[in-house]
Amino acid sequence: MGFRITMGMKMNTYRYNLMLSTNNVANAQQKVSTHRKFNSYAEDPANATNAWRVRQNFMDNISYRTETKDTTTRYQTAWLTMGTVKTHLEQYNGKTSAIRAANDPTGEAKKELGNVLSNTADTVVQAMNGSKYGDEFVFGGTDGTSPPFSWKGDRLFYRGIDLTPPSMTGGTQKWPSYWGELDPATGIPKDFMTEADKKLNPLPTKATSDWVLDDNGELTGTYQVQQTAAKVSVQNAANNEITLPLKDGAGNTVLQQAVDADGNPVAIKMADGTITTVVDGSGNPVKPGQVAYTDANGQTAMVTVAAGTGAADIPVVDENKEPVMKTENGTVPEDQKQWYIYFRNVETLNKLSGEIQYADLGMGQDKDADGKIVEGTYFNNAIPGINILGYGVDEDGDPKNLALLMKKFDHVLSQVDSNGTVPDELGGNQRVIDLLGKFDDVCEFTLKGYTKIDTEAKFLTSNSETLESQTLNLNEQIVDLEQVDLADAITQFMWDYNCYNAALKIGTQLLSQSLLDYMA
């Protein structure tokens with residue numbers, strides 16, 4: 001039996017193929033209008049995956065360029081400010097006035113030059129405070145919400161931390177000698193906070209006082225005058241003097257006298273307030289009185305421990321029980337107190353000097369196994385003002401801060417006589433020459449800061465150019481992955497369009513339904 005193909009069947013096939021042709025025309029037309037090779041992941045999974053990665057890199061690149069632009073503007077602002085400071089130091093009032101002051105003019109002229117230096121110090125600080133990018137103060141480190149520097153009289157503060165050494169505020173020119181020389185790495189005396197502790201060894205306890213640090217960092221309280229022991233004599237029941245350390249028959253130490261590193265008796269304050277320099281074999285304090293022990297012959301004997309009285313020379317500890325200074329007849333010398341507070345400020349300033357404000361500029365920012373950002377993969381956006389003007393003191397106790405040293409210059413020059421001679425108690429005219437040398441060093445430090453900012457600004461400009469090149473490269477990759485060849489796309493569209501038109505002609509001219517199609 002034969003199979004009859006009806007016109008309806010032909011029409012169904014025709015409509016199906018016509019729809020395919022219509023879709024081909026629509027897709028070809030969309031490629032011509034959008035210039036895209038695909039419009040969904042399903043159309044081309046491989047290229048779509050690569051295109052997503054490239055576009056992600058492209059968006060990161062745009063973010064890096066924006067961050068670099070902001071950082072560059074920030075550094076350009078800092079560079080312009082430092083250019084003003086540099087001009088004041090090299091061409092105007094700063095260095096010129098200092099040199100003139102050292103060339104022995106009259107007294108009035110020196111005083112006037114001192115005033116010029118003081119005014120220049122104010123100008124420099126104002127310039128640093130006036131450097132802003134948007135609402136942020138450029139030289140505030142990681143805190144750009146308020147001006148970095150402030151004056152209270154002749155005391156200079158950085159973010160609320162006093163930069164002014166005691167040598168400028170009525171204290172001694174230099175810190176206590178037993179604190180040692182300055183550590184070049186920290187700017188703090190090498191034996192600061194440890195010298196008293198060394199003298200206590202090998203004592204098992206530390207003397208304490210009721211002095212504490214208040215919320216403002218000030219030492220407050222009253223020292224108690226304590227007793228100290230004279231050289232203690234230890235006698236047995238037969239009143240025969242016994243030499244310490246005292247050992248039993250097994251060779252174990254029963255009593256020993258506590259001594260410092262130099263072998264001198266050291267006072268220990270016991271719980272009941274009594275002072276003794278005698279400790280037992282375990283190093284625990286022994287109260288004055290009679291102590292029973294077993295001698296080398298196995299016999300029990302009674303030993304009498306006596307204590308003397310006198311002014312104590314004890315260490316003072318801070319809130320962390322670390323020794324910081326020593327009493328002198330029960331009082332704290334004011335210069336030790338001031339220098340203690342100052343070097344504690346220097347510890348804080350060291351931390352502020354090393355602040356980091358991370359900026360991701362496309363340098364591969366990454367973290368190590370401990371979660372810390374790897375150095376060299378980020379840009380430090382923070383510019384602490386103390387890294388430009390300086391902080392701390394030199395070996396003579398003079399400030400290393402540019403503005404404060406100019407104020408110090410003014411203080412010395414303001415006290416010259418009519419002949420321009422500096423008083424002997426201030427160091428005489430040699431003091432001016434010495435300060436000029438220090439001023440040269442501090443100026444060089446500040447100008448190095450200017451050079452560093454200039455170098456960083458050039459790096460940022462170079463980095464911006466690199467990122468722009470990367471942008472062009474990524475854009476080319478996007479075009480290759482996503483964009484069609486327009487000539488090929490138009491050719492394909494015209495072919496699909498002609499095929500569609502041909503299909504329509506066939507449908508209208510050659511295909512027609514018969515009565516059998518309706519009866520089927």
Side-chain angles (χ1 to χ4, degrees), residues 70-98 116-165 168 187 345-346 348-357 380-393 399-410 438-457 460:
D70 290 343
T71 305
T72 301
T73 305
R74 183 185 182 92
Y75 268 79
Q76 286 175 343
T77 303
W79 182 80
L80 291 173
T81 300
M82 288 308 302
T84 301
V85 173
K86 181 175 182 288
T87 300
H88 277 287
L89 292 180
E90 292 184 341
Q91 299 179 17
Y92 295 157
N93 302 324
K95 203 167 184 179
T96 302
S97 297
V116 172
L117 285 169
S118 179
N119 292 335
T120 303
D122 294 335
T123 300
V124 168
V125 171
Q126 289 171 4
M128 299 290 284
N129 282 343
S131 184
K132 296 181 67 177
Y133 174 57
D135 294 330
E136 292 189 3
F137 292 88
V138 172
F139 292 103
T142 57
D143 181 11
T145 58
S146 57
F149 294 99
S150 61
W151 289 105
K152 292 183 181 179
D154 283 340
R155 300 177 78 105
L156 182 62
F157 292 77
Y158 174 75
R159 287 170 57 176
I161 307 299
D162 195 353
L163 301 175
T164 317
M168 296 183 64
N345 286 344
V346 172
T348 303
L349 292 169
N350 284 338
K351 295 177 182 178
L352 296 181
S353 173
E355 283 184 325
I356 297 176
Q357 186 167 281
N380 185 6
N381 205 11
I383 312 177
I386 50 175
N387 289 352
I388 306 298
L389 298 187
Y391 67 98
V393 293
K400 296 172 69 174
N401 176 272
L402 176 65
L404 286 175
L405 190 60
M406 286 192 279
K407 292 287 186 180
K408 181 79 173 182
F409 233 129
D410 176 40
K438 297 173 186 289
F439 189 59
D440 282 339
D441 293 339
V442 174
C443 285
E444 182 179 355
F445 176 84
T446 298
L447 294 178
K448 282 182 179 179
Y450 169 75
T451 302
K452 182 178 179 181
I453 289 177
D454 182 52
T455 302
E456 298 286 10
L460 291 168

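When all heavy atoms of Val138 and Ala78 are compared, the pair lying nearest together is CG1-CB, 3.7 Å. Counting all heavy atoms, side chain and backbone alike, Met406 lies closest to Ala121 at CE-CA, 3.6 Å. Shortest non-hydrogen contact noted between Tyr158 and Gly140 is OH-C, 3.7 Å. Taking all atoms of both residues into account, the shortest heavy-atom contact from Ala403 to Val125 is CB-CG2, 3.8 Å.
Taking the side chain as every heavy atom from C-beta outward, Asp154 and Ser118 never approach each other to under 4.5 Å. With contacts defined as side-chain heavy-atom distances shorter than 4.5 Å, the pair Glu456/Ile383 does not qualify. Phe409 is listed as a side-chain neighbour of Phe439, based on a closest heavy-atom distance under 4.5 Å. Residues Val442 and Asn401 form no side-chain contact, since every pair of their non-hydrogen atoms from C-beta on lies 4.5 Å or further apart. Side-chain contact between Leu163 and Leu404 is present, with at least one heavy-atom pair separated by less than 4.5 Å. Side-chain atoms of Lys400 and Lys438, non-hydrogen and from C-beta on, never get closer than 4.5 Å to each other. Between Ile388 and Ile453, the closest side-chain pair of non-hydrogen atoms falls below 4.5 Å. Side-chain contact between Ser353 and Pro384 is absent, with no heavy-atom pair separated by less than 4.5 Å.
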Report task. Just do the salt bridge (charged side-chain N to carboxylate O under 4.0 Å, His left out) check on Glu355 and Lys351 with the steps written out, would you? Result -> CA-CA 7 Å; Glu355 283 184 325; Lys351 295 177 182 178; over 6 Å; no

Report task. Step by step, work out the side-chain contact (heavy atoms from CB on, under 4.5 Å) result for Met168 and Val393. Result -> CA-CA 11 Å; Met168 296 183 64; Val393 293; over 6 Å; no

Requested in this report: Would you sort out whether Asp122 and Lys407 count as a salt bridge (charged side-chain N to carboxylate O under 4.0 Å, His left out), showing the intermediate values?
Outcome: CA-CA 9 Å; Asp122 294 335; Lys407 292 287 186 180; 3.2 Å; yes

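For the atom pair Asp70 CG and Leu460 CG, the distance stands at 11.0 Å (nearest 0.5 Å). Rounding to the nearest 0.5 angstrom, the gap separating the CG atom in Asp454 from the OH atom in Tyr75 is 12.0 Å. Rounding to the nearest 0.5 angstrom, the gap separating the CG atom in Leu389 from the CZ atom in Phe139 is 8.0 Å. To the nearest 0.5 Å, atoms OG1 (Thr71) and CD (Gln76) are separated by 11.0 Å. Thr142 OG1 to Asn381 CG: the interatomic distance, rounded to the nearest 0.5 Å, is 11.0 Å. How far CD1 of Ile161 is from OH of Tyr391: 12.0 Å, rounded to the nearest 0.5 Å.
Judged by distance alone, with hydrogens and angles left aside, the side-chain atoms of Arg74 form no donor-acceptor pair with the main-chain N or O of Tyr133 at under 3.5 Å. With hydrogens and angles disregarded, a donor-acceptor distance shorter than 3.5 Å links the side chain of Asn129 to the backbone of Phe149. In this structure a side-chain-to-backbone donor-acceptor pair under 3.5 Å is missing from Asp162 to Phe157. Ser131 places no side-chain N or O within donor-acceptor distance of the main-chain N or O of Ala127, the cut-off being under 3.5 Å. Panel note: side chain Asp441, backbone Cys443; no donor-acceptor pair is recorded below 3.5 Å.
In this structure Phe445 satisfies the side chain to side chain contact (heavy atoms under 4.5 Å, CB included) test with no other residue, sequence neighbours excluded.
Relative ring orientation between Trp79 and Tyr450 is described as parallel, the plane-to-plane angle staying below 30° on a 0-90° scale split at 30° and 60°.
Look at Lys132 and Glu136 and you find no salt bridge, because none of the NZ, NE, NH1 or NH2 atoms lies under 4.0 Å from a carboxylate O.
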